[in-house]
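In this text, all values refer to a predicted model and were calculated from it rather than measured experimentally. We number each residue from 1, following the sequence as shown.
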Amino acid sequence: MLTGKNIVVTGCLQGIGKATLKTFAENGANVFACAYAANDEFENFCKDLADKNAVKITPIYFDMSDNAAVVDAAKKIQSAKEEIHGLVNIAGINKDALFPMVTYKDLLDTFQVNFFAQVIFSQYIVRLMQRKKTVGSIVFTSSISALDGNRGQTAYGASKAALIGAMKTMALELGEFNIRVNAIAPGVIKSPMTDKLPENILASKIKTMDIPRLGEVEEVAKLYLFLMSDLSSHVTGQVIRIDGGMG
């Protein structure tokens with residue numbers, strides 16, 4: 001589904017991002033695999049994935065809390081002089097606290113990684129797409145916390161809601177350049193983030209789902225696959241929930 005496409009994915013070190021990297025490679029994409037920091041396990045994972053699927057995987061390491069590092073990473077991708085067909089923004093952080101306890105620093109740190117860095121990074125990738133007149137797709141990772149709210153997630157939910165606002169405007173502005181922009185809103189997905197939640201909290205969340213189980217990272221990766229592929233060629237400006245029917 002993605003044969004010959006060059007796609008940038010952030011947050012590839014674990015969880016949804018790592019599953020998305022694997023899914024894209026298995027479907028023929030060359031991937032700029034962005035991650036927080038280098039380690040041998042990830043380097044070997046990328047090499048094995050590239051060899052097995054006859055694609056190119058290029059690890060790019062940077063800290064999204066540092067805007068200079070974000071810009072350097074984007075310029076590194078630009079310097080490869082490859083046509084970029086897609087960008088999936090997955091990297092993010094979560095600092096839970098009940099509303100009266102949320103600090104200004106919590107807000108700043110969360111918005112820096114979940115919103116500011118992603119917008120800055122996307123600007124550089126969009127310029128590259130426009131310069132090469134690429135038919136492209138950009139996807140942001142929001143959350144059901146942005147749509148429905150969630151106890152203890154004022155900073156997280158607000159940052160993810162900000163992404164939706166930016167996405168809507170980007171879709172309006174970039175459609176004429178054949179660049180689609182969407183967001184997905186995952187629910188409770190089995191990942192390193194949810195592994196930290198108490199069993200009773202997870203059980204209470206599952207009870208609200210029409211499909212009563214945790215989502216799998218591979219299921220989220222398949223939604224990104226659809227949005228990166230030509231199957232979604234007339235889909236833009238949308239927020240797509242993947243939450244098992246939480247309500």
Would you call [X] and [Y] a side-chain contact if the rule is heavy atoms closer than 4.5 Å?
X: K5; Y: N30; result: no
X: P59; Y: E43; result: yes
X: R131; Y: Q78; result: yes
X: I206; Y: V188; result: no
X: K18; Y: C12; result: no

One thing to verify: whether [Y] and [X] come together as a salt bridge, which I'm taking to mean a side-chain N less than 4.0 angstrom from a carboxylate O.
X: D51; Y: K47; value: yes
X: K205; Y: D243; value: no
X: K22; Y: D48; value: no

Can you give me the closest heavy-atom contact between [X] and [Y], atom names plus distance?
X: G92; Y: V113; answer: CA-CG1, 3.9 Å
X: M228; Y: L87; answer: CE-O, 3.8 Å
X: A25; Y: N53; answer: O-CB, 3.4 Å
X: Y156; Y: S143; answer: CE2-OG, 3.6 Å
X: A50; Y: I57; answer: CB-CG1, 3.7 Å
X: I164; Y: A146; answer: CD1-CB, 4.2 Å

Nearest-0.5 Å distance that lies between atom [atom1] in [X] and atom [atom2] in [Y]:
X: S137; Y: M129; atom1: OG; atom2: CE; value: 7.0 Å
X: L163; Y: M170; atom1: CG; atom2: CE; value: 9.5 Å
X: I16; Y: K190; atom1: CD1; atom2: NZ; value: 12.5 Å
X: E82; Y: I7; atom1: CD; atom2: CD1; value: 13.0 Å
X: N89; Y: S122; atom1: CG; atom2: OG; value: 4.0 Å
X: F115; Y: I120; atom1: CZ; atom2: CD1; value: 9.5 Å

Chi angles and distances behind the side chain to side chain contact (heavy atoms under 4.5 Å, CB included) call for L223, I240: CA-CA 9 Å; L223 181 53; I240 303 173; 4.0 Å; yes
With a 6.0 Å cut-off on the ring centroids, do F62 and F121 count as close?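 Yes, close enough.
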Would [X] end up clustered with [Y] when hydrophobic side chains under 4.5 Å apart are linked, directly or stepwise?
X: V88; Y: L128; value: no
X: F177; Y: I138; value: yes
X: V181; Y: V119; value: yes
X: L231; Y: L2; value: yes
X: F24; Y: I184; value: yes

Could you go through the side chain to side chain contact (heavy atoms under 4.5 Å, CB included) check for V55 and V31 one step at a time? CA-CA 8 Å; V55 296; V31 183; over 6 Å; no
Hey, does the side chain of [X] reach the backbone of [Y] with a donor-acceptor pair shorter than 3.5 angstrom?
X: N182; Y: G237; answer: yes
X: S232; Y: F226; answer: yes
X: T134; Y: G136; answer: no
X: Q112; Y: M64; answer: yes
X: E219; Y: E216; answer: yes
X: T169; Y: A166; answer: no
X: R180; Y: L227; answer: yes
X: N114; Y: K160; answer: no

Exceeds 12 heavy-atom contacts within 6.0 angstrom, atom CZ of R127: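 Above 12, so yes.
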Is K76 atom NZ crowded by more than 12 heavy atoms from other residues, nucleotides or ligands, each under 6.0 Å away? no
Apart from L107 itself, which Ile, Leu, Val, Met, Phe, Trp or Tyr residues share its cluster (side-chain heavy atoms under 4.5 Å, direct or through members)? V102
Please assess T10 against I60 for the test side chain to side chain contact (heavy atoms under 4.5 Å, CB included), listing each intermediate value before the final yes or no. CA-CA 9 Å; T10 72; I60 304 285; over 6 Å; no
Let me see the working for L225 and N27 under side chain to side chain contact (heavy atoms under 4.5 Å, CB included), right down to the final yes or no. CA-CA 8 Å; L225 175 64; N27 280 272; 3.7 Å; yes
Please verify the inter-ring angle class for Y61 with F42; under 30° counts as parallel, over 60° as perpendicular, anything in between as tilted. perpendicular
So among D109, T103, T154, which one has a side chain to side chain donor-acceptor pair (under 3.5 Å) with K95?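 Answer to the side chain to side chain donor-acceptor pair (under 3.5 Å) test with K95 among D109, T103, T154: D109.
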Quick check on side chain to side chain donor-acceptor pair (under 3.5 Å): which of T23, T141, T20 does Y224 satisfy it with? T141
Residues in ring pair (Phe, Tyr, Trp, His ring centres under 6.0 Å) contact with Y124, at least two apart in sequence or another chain: none
Before giving the answer on side chain to side chain donor-acceptor pair (under 3.5 Å), spell out for D148 and N150 the whole-Å C-alpha distance, their side-chain angles and the decisive distance to 0.1 Å. CA-CA 7 Å; D148 301 341; N150 192 33; over 6 Å; no
